[in-house]
Amino acid sequence: MKHHSVHWFRKGLRLHDNPSLIAALKSSRKIWPIFILDPHFVKSGTVGINRWRFLLESLMDLDRSFQELGSRLFVIRGSPAEVFPKIFKDWEISQLTFEIDTEPYARQRDSEVIKLAEEHEVKVVQTVSHTLFDSEKIIKANGGKPPLTYQRMQTVLSKMGPPSEPMAAPTKENFTECKTPEESDHSSKYGVPTLEDLGLSTEGISPVIFPGGETEALNRMERYLARDKWVCNFEKPKTSPNSLKASTTVLSPYLKFGCLSVRSFYYGIQAVYSGKTHSKPPVSLHGQLLWREFFYTAAAGTPNFHQMKGNPVSLQIPWDENRAFLDAWTWFTLQSVYELVAFPVALIDDLLLSTDTSIAGRQNWLPIHRCYYDAIRKEGWIHHLARHAVACFLTRGDLWISWEEGERVFEELLLDADYSLNAGNWMWLSASAFFHQYFRVYSPIVFGKKTDPNGDYIKKYLPILKKFPPKYIYEPWVAPRSMQEQAGCIIGEDYPKPIVDHATISKKNISRMKEARANQLGTEGKKSASTAKDGKRKFDDASDEKPPPSTKSKRDSKKQKKLTQFMKK
DNA sequence: GGAAGCGTTGGTGCC
DNA sequence: TGGCACCAACGCTTC
């Protein structure tokens with residue numbers, strides 16, 4: 001029997017390596033490729049203007065590609081629960097194909113749609129193609145729990161063999177026996193809408209830096225893969241968060257929407273590596289894809305992964321509720337209405353209705369952080385380490401505000417905002433899960449100076465500070481008054497004064513974190529016995545005995561010994 | 001079951 | 001200028 005199939009695009013906005021689409025094409029006489037503009041995402045307000053634009057560009061690209069094959073993309077508005085019964089009936093559908101999505105909303109939505117399909121006697125074909133591996137299989141291989149360390153993840157994966165190889169994109173031949181019934185009013189009925197059609201204001205929107213779509217994704221990947229040496233030597237910590245041109249691939253938005261298949265990228269890198277010396281996970285390019293896999297698996301296997309409450313992997317920390325601090329972290333400037341575009345609507349309303357006139361105190365005073373926000377808002381992307389710096393600052397470093405607040409802002413503004421990676425990294429940086437060395441705090445001054453000593457990044461995004469010498473550009477408030485006058489920027493008048501002192505507050509927060517951890521261990525019982533707590537001897541000044549070398553120095557001396565032995569050989 | 005090993009990418013101060 | 005200990009003793013994983 002040859003089916004009438006609907007292939008439902010959600011993520012996976014591509015033709016290459018799309019196994020469920022191929023399955024539909026091979027088993028059908030007729031196929032309708034559809035994308036549903038779900039009001040859930042329009043209403044939620046969690047998608048910023050740049051990501052909407054990226055999505056619509058991706059859909060346009062997909063439609064163009066289908067047209068080249070003699071088919072079309074059908075963009076349908078409405079909730080999936082309303083749309084499917086209608087199209088099942090109208091188009092006499094017997095098969096529905098789609099890519100598996102493990103996010104909670106998607107799971108719930110898909111289970112409802114699967115039920116509807118059953119009611120309409122529609123066969124459902126689902127495939128894993130958004131991740132390298134099936135998250136459920138990784139969890140099963142790890143004894144029913146997601147691996148919580150990268151090393152553990154690698155161990156589990158090493159037993160699972162390599163990821164499946166990517167599938168080729170469909171060709172015109174695939175569409176000779178399987179046709180798409182096109183309607184004469186297709187464009188008006190099923191065309192890709194504009195931002196304005198969706199009721200989104202494009203006033204003040206920045207030019208496109210990273211255009212959406214599979215075509216751009218594949219071109220971008222090829223450009224990077226052509227640089228053999230760069231690919232083989234890639235080490236994430238050695239790339240720069242402050243370079244004027246992105247120092248990493250910026251393929252993340254394309255992976256998020258599935259414009260690029262992670263398996264295609266993985267095997268593309270593999271081909272470049274072949275026969276050459278290359279960097280290794282976790283820092284290598286392959287390593288970056290494994291991090292994505294790590295967080296996808298953790299999110300798929302953890303309830304309430306995006307929030308602290310009810311999340312079994314997250315430390316429960318008594319964060320402050322501090323509106324002024326949150327605004328200061330979030331807001332770049334309030335100089336004009338233009339600057340308000342693309343900020344969370346709730347925050348705009350709150351601020352405009354506020355009777356608090358001390359606007360200066362609600363601005364972010366840190367030059368490098370203001371630059372990151374400007375870049376996020378305009379371009380929808382900043383380097384991973386820049387995200388670390390601002391995330392640490394908002395949470396355990398300085399402002400002591402819940403990682404969920406930061407997660408919401410990133411969710412809205414980043415092109416690559418991804419449920420699993422966003423929540424996972426926020427927990428990491430706030431030392432709520434995965435990462436526990438909470439006393440390692442990013443300094444908003446030192447971090448910038450180290451990564452961009454000349455302050456070129458600041459000069460680009462924050463020209464008001466460009467006349468300050470590099471010594472002061474990261475902390476202009478310590479510049480002498482005469483220098484501020486010379487630079488044409490008086491701190492407190494033209495530029496906000498700091499509202500917290502990093503050195504003081506970060507020390508205070510380290511002790512708060514220590515206390516939170518101690519409290520939780522106390523209240524939740526013996527989650528895990530700490531060897532340091534009860535096992536090790538304490539040494540003080542009165543003791544003549546020398547303390548044993550620390551774990552790290554012991555480890556290092558072991559390494560040294562091995563190296564010496566190796567050299568002798 | 002308990003001890004030991006070790007963790008993607010910090011900052012500071014000392015030598 | 002670069003290497004190292006230390007911060008303060010976490011918590012997952014392995015043996």
Side-chain angles (χ1 to χ4, degrees), chain A residues 142-143 145-156 234-242 247-248 279-295 298 312-315 317 383-389 391-393 396-398 421 424-425 427-451 453 474 502-503 506-507 509-522 524-539 546-560:
Chain A
N142 191 46
K145 284 189 296 184
L148 292 177
T149 66
Y150 192 84
Q151 214 163 47
R152 181 69 200 152
M153 180 77 176
Q154 281 181 293
T155 308
V156 176
F234 183 93
E235 289 186 22
K236 188 64 162 282
K238 289 185 183 165
T239 58
S240 168
N242 304 325
S247 62
T248 53
S279 52
K280 295 269 164 30
V283 292
S284 63
L285 278 175
H286 263 179
Q288 303 311 307
L289 298 183
L290 294 185
W291 277 111
R292 178 176 183 270
E293 210 68 15
F294 174 77
F295 286 120
V313 302
S314 174
L315 192 71
I317 297 170
H383 187 276
H384 188 59
L385 290 184
R387 302 180 195 195
H388 276 210
C392 182
F393 184 79
R396 65 188 168 87
D398 294 67
L421 279 64
N425 279 298
M427 280 187 266
W428 185 293
L429 261 301
S430 62
S432 298
F434 311 115
F435 171 81
H436 312 285
Q437 287 164 301
Y438 59 90
F439 41 85
R440 292 189 166 183
V441 178
Y442 282 84
S443 155
I445 313 300
V446 174
F447 176 76
K449 280 186 179 170
K450 212 172 72 180
T451 49
Y474 289 97
H502 171 73
S506 60
K507 277 199 188 78
N509 288 347
I510 287 172
S511 31
R512 287 180 89 174
M513 187 61 89
K514 191 179 160 189
E515 199 189 333
R517 284 170 178 270
N519 284 345
Q520 195 167 336
L521 263 180
E524 286 203 3
K526 288 99 208 158
K527 233 176 147 185
S528 158
S530 158
T531 50
K533 229 174 196 174
D534 44 27
K536 280 191 191 153
R537 294 174 62 187
K538 299 278 178 202
F539 291 87
K546 277 188 180 167
S550 70
T551 318
K552 186 174 183 293
S553 55
K554 264 194 285 182
R555 193 159 65 232
D556 288 349
S557 60
K558 250 189 204 170
K559 267 186 197 164
Q560 189 57 46

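For clarity, every value in this text was computed on a predicted model and none was experimentally measured. Excluded from the calculations below are hydrogen atoms, water molecules and symmetry mates; all remaining heavy atoms, backbone and side chain alike, are included. Chain A is the first sequence line, chain B the second, and so forth, proteins listed ahead of strands; every chain is numbered from 1.
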| field | Identified stems (criterion: three or more consecutive Watson-Crick or G-U pairs, under 3.5 Å), DNA chain C | value | B:2-7 with C:10-15, B:10-15 with C:2-7
| request: Compare all side-chain heavy atoms of A/Q288 with those of A/H384 and state whether any distance is below 4.5 angstrom. | output: no
| task | Could you check whether A/Y150 and the base of B/dT8 form a stacked pair, meaning centres closer than 5.5 Å and planes differing by less than 30°? | result | no
| request: Would you mind reading off the distance between A/W428 atom CH2 and C/dG11 atom P, rounded to a whole angstrom? | output: 15 Å
| message | Checking A/F447 now: which residues fulfil ring pair (Phe, Tyr, Trp, His ring centres under 6.0 Å) with it, not counting sequence neighbours? | response | A/Y442
| task | Could you give the distance separating B/dG5 and C/dA8 at their P atoms, to the nearest angstrom? | result | 23 Å
| message | Between C1' on C/dC7 and CE on A/M513, what's the gap in Å once rounded to a whole number? | response | 15 Å
| What pairs with A/F294 under side-chain contact (heavy atoms from CB on, under 4.5 Å), at least two apart in sequence or on another chain? | A/M153, A/W291, A/F434
| message | So if I take every side-chain heavy atom of A/L385 and compare against B/dT9, C/dC10, C/dT13, which nucleotide ends up nearest? | response | B/dT9
| task | Could you state the atom-to-atom distance from CD1 of A/I510 to P of C/dC7 in whole Å? | result | 12 Å
| request: Taking only the side-chain heavy atoms of A/T149 (C-beta and beyond), determine which of C/dC7, C/dT13, B/dT8 contains the nearest atom. | output: C/dT13
| query | Can you tell me how far P in B/dT8 sits from the matching atom in C/dG3, rounded to whole Å? | reply | 22 Å
Dump every N/O contact between nucleotides 11-15 of chain B and the protein below 3.5 Å, one line per pair.
from   : atom 1 : to     : atom 2 : distance (Å)
B/dG11 : OP1    : A/S443 : N      : 3.2
B/dG11 : OP2    : A/K450 : NZ     : 2.8

| query | Does a sphere of radius 6.0 Å around NZ in A/K145 hold more than 12 heavy atoms from other residues, nucleotides or ligands, not counting ones at 6.0 Å or beyond? | reply | no
| query | Quick one: A/Q437 CD to C/dG11 C1', roughly how many Å, whole number? | reply | 11 Å
| query | Rounded to the Å, how far apart are A/L315 CG and C/dG11 P? | reply | 7 Å
| query | Is the shortest heavy-atom distance from the side chain of A/R512 to the side chain of A/I317 under 4.5 Å? | reply | no
| said: Checking the side chain of A/Y474 only, and the main-chain atoms of A/G448 only, is there a donor and an acceptor separated by less than 3.5 Å? | reply: yes
| request: Could you state the atom-to-atom distance from CG of A/N425 to P of B/dT9 in whole Å? | output: 13 Å
| request: Round to a whole Å and report the spacing from CG of A/L429 to P of B/dT8. | output: 13 Å
| Would you say A/R517 reaches C/dG11's phosphate, i.e. side-chain N/O to OP1/OP2 under 4.0 Å? | yes
| A/H286: ring pair (Phe, Tyr, Trp, His ring centres under 6.0 Å) partners, not counting sequence neighbours | A/Y266, A/Y273
| field | Side-chain (A/S432) to main-chain (A/S314) donor-acceptor, under 3.5 angstrom | value | no
| field | Interatomic distance where CE belongs to A/M427 and P belongs to C/dC12 [whole Å] | value | 13 Å
| query | Partners of A/K507 by salt bridge (charged side-chain N to carboxylate O under 4.0 Å, His left out), sequence neighbours excluded? | reply | none
| Rounded C1' spacing from B/dG1 to C/dT14 in Å | 13 Å
| task | Kindly say whether A/T239 contributes a backbone atom to a donor-acceptor pair with the side chain of A/S247 at under 3.5 angstrom? | result | no
